[in-house]
Amino acid sequence: MGKIAVVGSLNMDYFIETDVLPKMGETVLGNHFFRSPGGKGANQAVAASRLGGDVTMFGSLGEDENGRAIREHLLKERVDLGHLNLVKDKPTGVAFVELCGGDNRIIVVPGANRSTDVNYMQRMTKELLIFDVIVFQFETPLEIMDFIIPILHRHGKIIIVDPAPAAKLSQTIIDKITYLTPNGHEFQALLDTNGSIDEILQAYPNKLIITLGDKGVSYHDGDQMVNIPCIEVTPVDTTGSGDTFTGALATALAEGRNLHDSILFANTAAGLSVTKRGAQSGMPYRNEVESLLRER
């Protein structure tokens with residue numbers, strides 16, 4: 001089993017469930033409210049850990065109530081926090097999630113996540129080189145990609161980037177990333193293209209893995225297009241399904257599975273995650289995924 005490092009955001013998520021989303025200037029009544037640890041980085045770390053991964057979290061938290069609650073939660077999830085950056089002058093990041101009809105709308109305030117910057121990466125470079133699989137997202141400053149990815153690439157690491165929120169990366173950095181996991185909207189912003197999914201996948205064989213919600217996951221294996229269908233479930237909350245996919249992919253690759261089997265494992269985990277509320281609380285455990293895989 002290889003060691004997994006997740007470099008990314010840690011937030012406290014505030015969820016509101018409603019039957020109708022408000023228009024601009026409109027007030028509506030919600031049905032339920034709850035708080036849960038989140039952030040794409042922390043989500044992916046929890047997903048990987050629940051599925052059996054050996055995971056260490058790299059990122060930044062404020063020294064406040066939310067930060068303390070997140071640390072306590074991640075330790076219970078068996079995520080190593082020995083390299084976290086604790087920031088005194090910034091609050092822990094927060095996200096506000098509106099849930100309606102099985103879908104979601106999210107606003108993120110980065111807070112301390114902005115301190116997961118190049119200076120922090122410079123301090124953590126030696127530690128990161130211990131790991132076999134390193135996972136990134138876009139809720140921390142993008143400048144860290146230009147600094148750390150070339151170093152990791154030179155050392156032969158498996159580098160997974162979940163490009164969300166959608167933004168463009170330079171071709172030089174894209175070439176050094178092992179796997180990219182955008183959804184059906186993010187890949188166009190990432191690659192600055194209006195091309196079709198099939199055209200873009202063919203241009204990035206065995207690198208670009210596009211998640212398509214209820215249409216499954218598509219990639220090109222170098223010979224042909226491959227689509228792995230999603231499992232049939234009734235969605236309750238899709239928040240965190242993409243993070244579950246990326247964390248599960250990291251775990252499968254760290255175990256030495258080939259790309260197809262890793263994507264199948266990750267897609268099954270992501271499908272299970274939408275059947276429960278909350279980004280992290282809905283993430284499945286190893287036995288649930290393996291049981292379902294045996295039935296497929």
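Side chains are part of it too, since the values below use all heavy atoms of this structure and drop only hydrogens, waters and symmetry mates.
- Checked by atom type and distance alone, the side chain of K90 never pairs as donor or acceptor with a backbone atom of P110 at under 3.5 Å.
- For the atom pair CG of L253 and CD1 of I4, the computed distance is 8.5 Å after rounding to the nearest 0.5 Å.
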Exercise for the section: Check the pair T116 / S60 against side-chain hydrogen bond (donor to acceptor under 3.5 Å, both in side chains), numbers first and verdict last. Expected result: CA-CA 6 Å; T116 303; S60 303; 2.8 Å; yes

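- Salt bridge K76/E72: present, at least one basic N to carboxylate O contact under 4.0 Å.
- For Y179 and Y204, the distance between ring centers is not under 6.0 angstrom.
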Exercise for the section: Quick one: do D162 and Q44 satisfy side-chain hydrogen bond (donor to acceptor under 3.5 Å, both in side chains)? Show the steps, please. Expected result: CA-CA 10 Å; D162 176 8; Q44 291 168 9; 3.0 Å; yes

Practice task
Report the C-alpha distance between F34 and E17 in whole Å, list the side-chain angles of each, state the deciding distance to 0.1 Å, and finish with yes or no for side chain to side chain contact (heavy atoms under 4.5 Å, CB included).
Solution key: CA-CA 9 Å; F34 61 99; E17 294 181 346; 4.0 Å; yes

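- No side-chain donor-acceptor contact under 3.5 Å links N85 and S115.
- For the atom pair CG (L292) and CG (L272), the distance works out to 5.5 Å, reported to the nearest 0.5 Å.
- In summary, the side chains of T140 and N113 do not present any donor paired with an acceptor at a separation below 3.5 Å, with no hydrogens or angles considered.
- L129 CG to I151 CD1: the interatomic distance, rounded to the nearest 0.5 Å, is 7.5 Å.
- No side-chain N or O of N287 forms a donor-acceptor pair with one of E290 less than 3.5 Å apart.
- Minimum interatomic distance between E186 and A164 (heavy atoms only, all atoms of both residues): OE2-CB, 3.1 Å.
- Cluster membership check: L190 does not share its hydrophobic cluster with V217, using side-chain heavy-atom separations under 4.5 Å among Ile, Leu, Val, Met, Phe, Trp and Tyr.
- Between Y14 and F96, the angle of the ring planes stays under 30°, which puts this pair in the parallel group of the 30/60° scheme.
- The neighbour count for E65 CD, taken as heavy atoms of other residues, nucleotides or ligands under 6.0 Å away, does not exceed 12.
- Within 6.0 Å of CZ in R78 there are 12 or fewer heavy atoms belonging to other residues, nucleotides or ligands.
- Rounded to the nearest 0.5 Å, atoms NZ (K157) and CG (L128) are 9.5 Å apart.
- The shortest heavy-atom contact between Y120 and G59 is OH-N, 3.1 Å.
- Closest approach of D64 and P91 over heavy atoms only: OD2-CA, 3.4 Å.
- Side-chain contact, Q171 with D175: a donor N or O sits under 3.5 Å from an acceptor N or O.
- Judged purely by atom type and a 3.5 angstrom limit, T268 has no side-chain atom pairing as donor or acceptor with the backbone of L293.
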Practice task
In sequence, state the C-alpha distance, the side-chain angles, and the governing distance for I177 and L169, and then conclude on side chain to side chain contact (heavy atoms under 4.5 Å, CB included).
Solution key: CA-CA 11 Å; I177 293 168; L169 281 181; 3.7 Å; yes

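- Of the candidates I209, L180, T181, T181 is the only one forming a side-chain contact (heavy atoms from CB on, under 4.5 Å) with I160.
- Under the side-chain contact (heavy atoms from CB on, under 4.5 Å) rule, V7 has a single partner from I144, T56, V135, which is I144.
- The minimum heavy-atom distance between Y219 and I228, with the atom names listed, is CE2-CD1, 4.4 Å.
- Using a 4.0 Å cut-off between charged nitrogen and carboxylate oxygen, D132 and K3 do not count as a salt-bridge pair.
- In terms of heavy-atom proximity, M1 sits nearest to G52 at CE-O, 3.0 Å.
- When each of T244, D13, D243 is tested with N43 by the rule side chain to side chain donor-acceptor pair (under 3.5 Å), just one qualifies, namely D243.
- Nearest heavy atom pair, residue R50 against residue P284, reads CB-O, 3.5 Å.
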Exercise for the section: For V6 and Q137, run side chain to side chain contact (heavy atoms under 4.5 Å, CB included): C-alpha distance rounded to whole Å, both residues' side-chain angles, the deciding distance at 0.1 Å, then the answer. Expected result: CA-CA 9 Å; V6 178; Q137 329 76 37; 3.6 Å; yes

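- Remark: R35 is not positioned above the aromatic ring of F15, lacking an NZ or CZ atom under 6.0 angstrom from the ring centre and at most 45 degrees off the axis.
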Exercise for the section: Could you go through the ring pair (Phe, Tyr, Trp, His ring centres under 6.0 Å) check for F58 and F131 one step at a time? Expected result: CA-CA 12 Å; F58 290 78; F131 294 85; 5.7 Å; yes

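- Residue pairs that meet the salt bridge (Lys or Arg N to Asp or Glu O under 4.0 Å) test with at least one member in residues 211-233, sequence neighbours left out, do not exist here.
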